[in-house]
Number of protein chains: 2
Amino acid sequence: MRTRPLKVALLGCGVVGSEVARIMTTHADDLTARIGAPVELAGVAVRRPGKVREGIDPALITTDATALVERDDIDVVVEVIGGIEPARTLITTAFAHGASVVSANKALLAEDGATLYEAAERHGRDLYFEAAVAGAIPLIRPLRESLAGDTVNRVLGIVNGTTNFILDRMDTAGAGYSEALDEATALGYAEADPTADVEGFDAAAKAAILAGIAFHTRVRLDDVHREGITEVTSADLASAQRMGCTVKLLAICERAADGRSVTARVHPAMIPLSHPLASVREAYNAVFVEAAAAGQLMFYGPGAGGSPTASAVLGDLVAVCRNKLAGATGPGESAYTRLPVSPMGDVVTRYHISLDVADKPGVLAQVAAVFAEHGVSIDTVRQKGRPDGDGEASLVVVTHRARDAALSGTVEALRKLDTVRGVASIMRVEGE
Amino acid sequence: MRTRPLKVALLGCGVVGSEVARIMTTHADDLTARIGAPVELAGVAVRRPGKVREGIDPALITTDATALVERDDIDVVVEVIGGIEPARTLITTAFAHGASVVSANKALLAEDGATLYEAAERHGRDLYFEAAVAGAIPLIRPLRESLAGDTVNRVLGIVNGTTNFILDRMDTAGAGYSEALDEATALGYAEADPTADVEGFDAAAKAAILAGIAFHTRVRLDDVHREGITEVTSADLASAQRMGCTVKLLAICERAADGRSVTARVHPAMIPLSHPLASVREAYNAVFVEAAAAGQLMFYGPGAGGSPTASAVLGDLVAVCRNKLAGATGPGESAYTRLPVSPMGDVVTRYHISLDVADKPGVLAQVAAVFAEHGVSIDTVRQKGRPDGDGEASLVVVTHRARDAALSGTVEALRKLDTVRGVASIMRVEGE
């Protein structure tokens, strides 16, 4: 057992950072035993130095993060400030000065992971980021290591707790989107500016990270097709319920059937109530991984929050410290397949389309012809006149699987039909 | 990239071994890229050399496993023969000759893991065994590494697919135990001699492994309280259904509330239908892990079978090869807490007790008094006369949480009451 401590610099001391610092203090003996050497908090970079931080020696607090990561005695930098800059520069500087890095920064990893990986590689250091996706749920390590001898074909999951909470409230309490968002904000599940969550940016960043690791290729945020939940209505939830489904914001990463390309997307989708993801409530996360040999695996747990995220950070900290003591590094970037990312149009999926149509003979035939022209096969149609008998009817069509480009082309063509008064809702159907 | 291949010796070429060999061949390029060097199958030890093994060079086949593990050019030995001997001697010999070991041998790890860990440690080699518990489900690595900075308080799961299949059939098809066992045997879920599964030995071995890793202490098979499913009846399942529960064979590892001891046990238990484990069907496995910071995590997937187990073996093979190239080793035994394993009597649980009693006034008071004498508090009682009106009634008692010793003492005392004609069933209630 080495007695000289490994030195840790903490960048950021908010909800996650303060919990990391707390556990490092309260569980120092456990961490020492598990690492094989003591770990010592050597500095904490913050924006607001005046704030009282219980349990943290005020002498460790600094506002000069750059000076902290430039110290040559730092073994591991824990980055929990988030965002692109200054995080990126701080991390690459840390590598250049000999530190390994544990990060929870999904936005940066999705935007420019390659720069971080390359800096880690160049300096022979570790870059670990279990906390960047799905909080405490072990997902990065299982994909990077446990499934390293297998071929992952699909990752499908709920990776954003805020939107899951909102959709869950819309589903179970019949709330409208705004009402459910207000509730999420009041309970602290949604931030004051909920854009990153409700527009799907957060989930898309996670999808990019997961797809890159799962398929051993580079996937960036821009490669991920993204649709948020702001246009999901109570009527969509009601339609889903009539189909024995619910609506979830899913992140879906797939290897094409021919194995030559991959896709990554985030959008709301109907999934059957019988699917395990349908019963993921409130702000929980759950991710399915389908691999050639392993079959279908599911990982479930709290997807965010200070303590769960700190758990993931500390697991990485132990691993990185162990590597440092062994003079080794863990897995780096694995992007050898160089599989290209195909656009959304190439994704094969199913649509649930709800149309407002003129209530007269021949409309169904006309609509069906449009589907046929686009090579889209119809699974079921439900047609009914409106209760108010105003000469309009609704037509709900669920398609068989087809390329998304064909499906969206069908919808565009339907919009142009005289007899179609409007497209009330379009939603993909997944998980069958 | 190193071009000289790492040499792998395979001990055993049954369902799992042949799949490991197959994937090593078909996915050689992927493995090379992920490891950083090619891996080569250097020898395969089998019992029946005459059997045709598709895709395996007959020149690699040997019946002399000892000579194979004594070869000094072997980098990794993959042991998938199972059982205590000769597996133990082969593994320790492999370490002594410089190889690291990947094993799927739960029985040996639970019986005498310490000997293996010590041999690995002494020779500076890796011992990895993800495949020993819950097939392809990443569980050992998350516990050993992802949660290395957290405090695990509880592991609760379904870790035996055979018994889960049987109980699922009894629950959903109303089958009796023998009938369900026959079906499991016919479908290949149960072996010709199902003892290891139905008597809980397999699950108990897994519980010992999980408890040791989760609590950083040594837990052996003998430390695990074990009850199988052979005495579970259709009536138990019916009782469970009346309570909104089902019956599962659970492996439960817990840290005592004061943190000073641990328990590990395997027994059938009623769990509420609302609990995620209740919906684990057929031969699937699922494990809950509760940790102080991470909260409640669940891992789900196929718990057995050639391909899933091979996936876990190959993930370990990649990790061990990477370590070897880096001149490092992964995590070894972590048993520093030296927490003792308490006996079953110290476990705090709830009982569901079904009694046949005389149908006369005062019986409930007498029964309730016995519970009170043992300090066991009753949650609910359901009393009813038998339809045949033969002067007997049944009394179903569900207790609050109490020490198992107090609960079993209560049952013993109840058996001695004149008015209690028999104890129709006793089952613990978990997952609430």
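Each chain gets a letter, A, B and so on, in the order its sequence line appears, and its residues count up from 1.
- Contact of A:L31 with chain B is made through the side chain alone, with heavy-atom distances under 4.5 Å.
- Looking at A:T329, only its backbone comes within 4.5 Å of chain B, counting heavy atoms on both sides.
- With chain A as partner, the option from B:V318, B:N323, B:V313 having the largest number of non-hydrogen pairs under 4.5 angstrom is B:V318.
- If you tally non-hydrogen atom pairs under 4.5 Å between each of B:S307, B:G315, B:A326, B:S146 and chain A, the highest count goes to B:S146.
- At a 4.5 Å heavy-atom cutoff, B:P276 makes no contact with chain A through either its backbone or its side chain.
- Heavy atoms closer than 4.5 Å to chain A are found in the backbone of B:Q296, but not in its side chain.
- A:H216 contributes atom NE2, which lies 3.5 Å from atom CZ of B:R34 (distance to the nearest 0.5 angstrom).
- With chain A as the partner, the residue from B:L314, B:D30, B:D316 showing the most heavy-atom pairs under 4.5 Å is B:D30.
- For the options B:S311, B:G330, B:A136, heavy-atom pairs under 4.5 Å to chain A are most numerous at B:S311.
- For A:E40, the CD atom counts as densely surrounded, since its 6.0 Å shell holds more than 12 non-hydrogen atoms of other residues, nucleotides or ligands.
- At a 4.5 Å heavy-atom cutoff, the contact between B:L297 and chain A is made by backbone and side-chain atoms alike.
- Interface remark: B:I23 contributes side-chain atoms only to the contact with chain A (heavy atom separation under 4.5 Å).
- With a 4.5 angstrom heavy-atom cutoff, A:F299 touches chain B via backbone and side-chain atoms both.
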